[in-house]
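Letters A, B, ... are given to chains in the order of the sequence lines, protein chains preceding strands, and every chain is numbered from 1.
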There are 2 protein chains.
Amino acid sequence: MESNLGWLMNRAGHIWRTVVDHYMAELGLTQTRWVALLVLDKVGEGCTQTVLAANVGVEQPSLVRTLGQLEEAGLIERRTNPEDGRCRTVWLTDAGRELLGKMEVVARDGRKLLLKGVSSEQRKMLHDVLEIIISNAQAVLEEERK
Amino acid sequence: MESNLGWLMNRAGHIWRTVVDHYMAELGLTQTRWVALLVLDKVGEGCTQTVLAANVGVEQPSLVRTLGQLEEAGLIERRTNPEDGRCRTVWLTDAGRELLGKMEVVARDGRKLLLKGVSSEQRKMLHDVLEIIISNAQAVLEEERK
DNA sequence: AGCACATAGTTAGCATGCTAACGAAATAGA
DNA sequence: TCTATTTCGTTAGCATGCTAACTATGTGCT
């Protein structure tokens, strides 16, 4: 019954990303890159790479590579931070902002397809439960780190 | 509000796997390998590699590598199929079955930690909603394939 | 029977995730 | 003040996912 909830969580998360990626590919973006862009927009421009990595859900070195690619593609830029020489802040370029507009349309359309047959009540519950699970997981990982 | 449901789905699926993996590592297993073993058990021994790959949620070549590793570790074996020379069926060895027993304990404990604070009603709804989403996604991918 | 096509598994090579280790800059403590 | 530690970004190298292409076997059409 609930013995495969973890299993379903994984499948659902993975296949969701695959579907959206299918459409994002038409914009010339790979999964890694559009995820980074969307999260940058969500977190807010000017954040540090560490903060961005944590929100994307990858380790810093993984993000460094992706940001390098996005920078090379002229979608973002990294600026040095006068207040803290260790950090570099991340910003969208005009081209990046323009692309993001298109991406949001794609993400919304994908969401609509994937949530077909799911009531608004269920959506709300899903949202809440997912947040609980993520919070629990973070607590566990935090605890284990010691 | 619901604009980041896809985002949460992904995070939750990913972090769930990370947490369980944390404990599975103590059994000497990597994420890829324990997932394959659990799914083999769920789908049933004697299935073909294609069926197993579909259920694990990876492409065949990815699974081939993993099965090679599991076979080398003496946890599974691949047998030729007398009825269809193209297929090879996958079976657990005694060592594999024994390890699986331990893995199920780990998976159950992990699930317990991750679902803390989630009511049984919410669990049921989560289960149903995830199945709807997966089903929708499969339909979309199927459609796109044409 | 024979030829085109489909299917299962595999191999090769690329993309992307990770950990480990490093340098530069900030911070804390003697 | 100056030394040890922490933090941020990076590089290097390994593990694992993917697609493309190949071989072997089965299937279907003529």
Side-chain angles (χ1 to χ4, degrees), chain A residues 10-11 13-15 17-19 21-22 24-25 28-37 39 46-73 76-91 141 144-145, chain B residues 10-11 13-15 17-19 21-22 24-25 28-37 39 46-73 76-91 141 144-145:
Chain A
N10 256 296
R11 282 289 280 155
H14 184 258
I15 204 167
R17 229 169 110 146
T18 302
V19 167
D21 184 53
H22 207 91
M24 289 294 184
L29 288 162
T30 65
Q31 216 176 68
T32 308
R33 294 176 202 171
W34 61 258
V35 169
L37 283 174
V39 174
C47 65
T48 65
Q49 299 190 187
T50 299
V51 168
L52 190 55
N55 279 276
V56 170
V58 298
E59 299 299 319
Q60 282 184 345
S62 307
L63 185 69
V64 164
R65 188 197 272 144
T66 303
L67 290 181
Q69 294 163 342
L70 291 173
E71 195 166 30
E72 193 171 353
I76 62 150
E77 61 179 356
R78 288 188 264 210
R79 298 184 198 154
T80 55
N81 183 351
E83 292 170 13
D84 187 338
R86 295 170 303 178
C87 308
R88 299 174 71 186
T89 53
V90 184
W91 304 82
L141 292 178
E144 288 295 314
R145 184 150 306 174
Chain B
N10 256 296
R11 282 289 281 154
H14 183 259
I15 203 167
R17 233 169 107 144
T18 301
V19 166
D21 184 54
H22 207 91
M24 289 292 184
L29 289 161
T30 65
Q31 215 175 70
T32 307
R33 294 175 202 170
W34 61 258
V35 169
L37 282 175
V39 174
C47 65
T48 65
Q49 299 190 188
T50 299
V51 168
L52 191 55
N55 278 276
V56 170
V58 299
E59 298 299 319
Q60 282 184 344
S62 307
L63 185 68
V64 165
R65 189 196 272 144
T66 304
L67 290 181
Q69 294 163 342
L70 291 174
E71 196 166 30
E72 194 172 351
I76 64 152
E77 60 178 357
R78 289 188 263 209
R79 298 184 197 155
T80 56
N81 183 350
E83 293 169 13
D84 188 337
R86 294 170 304 181
C87 308
R88 298 173 74 186
T89 53
V90 184
W91 304 81
L141 293 178
E144 288 294 315
R145 185 151 305 174

Student: Is A/Thr18 close enough to D/dC18 that one of its side-chain N or O atoms is under 4.0 Å from OP1 or OP2 there?
Tutor: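 False: A/Thr18 side-chain N/O out of range (4.0 Å or more) of D/dC18 OP1/OP2.
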Student: Between atom CD in A/Glu72 and atom P in C/dA15, what is the gap in whole Å?
Tutor: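 Whole-Å distance recorded here is 13 Å.
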Student: Take atom CZ of B/Arg79 and atom C1' of C/dA8, then tell me their distance rounded to the nearest Å.
Tutor: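 Value for this atom pair: 18 Å.
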Student: What's the CZ-P distance between A/Arg65 and C/dC14, to the nearest Å?
Tutor: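 Roughly 14 Å, once rounded to whole Å.
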Student: For B/Leu67 and C/dA8, give me the distance from atom CG to atom P, rounded to whole Å.
Tutor: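 Distance, rounded to whole Å: 15 Å.
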Student: Roughly how far, to the nearest 0.5 Å, is the OG1 atom of A/Thr48 from the CZ atom of A/Arg86?
Tutor: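 Nearest 0.5 Å value for the CZ-OG1 distance: 10.0 Å.
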Student: Between the protein and nucleotides 22-26 of chain C, list every N/O to N/O distance that falls short of 3.5 Å.
Tutor:
{"residue": "C/dA25", "atom": "O3'", "partner": "A/Gly85", "partner atom": "N", "Å": "3.4"}
{"residue": "C/dA26", "atom": "OP1", "partner": "A/Gly85", "partner atom": "N", "Å": "2.8"}

Student: Please state how far atom CD in A/Gln60 lies from atom P in D/dT6, giving the value in whole angstrom units.
Tutor: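 It works out to 16 Å between those atoms.
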Student: Would you tell me whether A/Gln31 and A/Arg17 have side-chain atoms, one donor and one acceptor, within less than 3.5 Å of each other?
Tutor: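 Indeed, the side chains of A/Gln31 and A/Arg17 share at least one donor-acceptor pair under 3.5 Å.
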Student: Can you identify which nucleotide, out of C/dT10, D/dG9, D/dT10, has its nearest atom closest to the A/Arg88 side chain?
Tutor: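 My answer, after comparing the listed nucleotides, is D/dT10.
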Student: Name all residues meeting the side-chain hydrogen bond (donor to acceptor under 3.5 Å, both in side chains) criterion together with B/Asn55; count only those two or more places apart in sequence or in a different chain, and write none if there are none.
Tutor: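 B/Asn55 satisfies side-chain hydrogen bond (donor to acceptor under 3.5 Å, both in side chains) with no residue once adjacent residues are dropped.
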Student: In whole angstrom, give the distance that lies between atom CD of A/Glu59 and atom P of C/dT16.
Tutor: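 Those two atoms, CD and P, are 17 Å apart.
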Student: Go through the steps for A/Leu37 and A/Ile76 under the test side-chain contact (heavy atoms from CB on, under 4.5 Å), then give the verdict.
Tutor: CA-CA 9 Å; A/Leu37 283 174; A/Ile76 62 150; 3.9 Å; yes
Student: Do A/Arg78 and A/Trp91 meet the cation-pi criteria used here (NZ or CZ under 6.0 Å from the six-membered ring centre, within 45° of the axis)?
Tutor: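 No, cation not above the ring by the 6.0 Å, 45° rule.
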Student: Can you tell me how far P of C/dG17 sits from CZ of A/Arg33, to the nearest Å?
Tutor: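 Interatomic distance, CZ of A/Arg33 to P of C/dG17: 10 Å.
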Student: Check every strand shown and say whether B/Gln49 touches a base, only sugar-phosphate, or nothing at a heavy-atom separation below 4.0 Å.
Tutor: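 Sugar-phosphate, no base atom in range.
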Student: Roughly how far, to the nearest 0.5 Å, is CG of A/Asn10 from NE2 of B/His14?
Tutor: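 These two atoms lie 9.0 Å from each other.
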Student: Counting only side-chain heavy atoms from C-beta out, which of C/dC18, D/dG17, D/dT10 sits nearest to A/Val58?
Tutor: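 From the listed options, C/dC18 comes nearest.
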Student: Between B/Thr50 and A/Arg17, which has a closest nucleotide on DNA chain C that is more 5'?
Tutor: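 Closest to the 5' end, via its nearest nucleotide, is B/Thr50.
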Student: Can you identify which nucleotide, out of C/dA20, C/dT16, D/dC8, has its nearest atom closest to the A/Pro61 side chain?
Tutor: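 Among the listed nucleotides, the one closest to the side chain of A/Pro61 is C/dA20.
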Student: Given D/dC18, C/dT16, D/dT16, identify the nucleotide with an atom nearest to the side chain of B/Ser62.
Tutor: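 Of the options given, the side chain of B/Ser62 lies nearest D/dC18.
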Student: Give the minimum heavy-atom separation between A/Ala36 and A/Leu52, together with the two atoms involved.
Tutor: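 Looking at all heavy atoms of both residues, the closest pair is O-CD1, 4.5 Å.
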Student: Of the listed nucleotides (C/dT10, D/dT16, D/dG17), which one gets closest to any side-chain atom of B/Arg78?
Tutor: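 Closest of the options to the side chain of B/Arg78: C/dT10.
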Student: Rounded to whole angstroms, how far apart are NE2 on A/His14 and P on C/dT16?
Tutor: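 That distance rounds to 14 Å.
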Student: Which nucleotide, D/dG9, D/dT16, C/dG9, lies nearest any side-chain atom of B/Thr32?
Tutor: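 Between D/dG9, D/dT16, C/dG9, the one nearest the side chain of B/Thr32 would be D/dT16.
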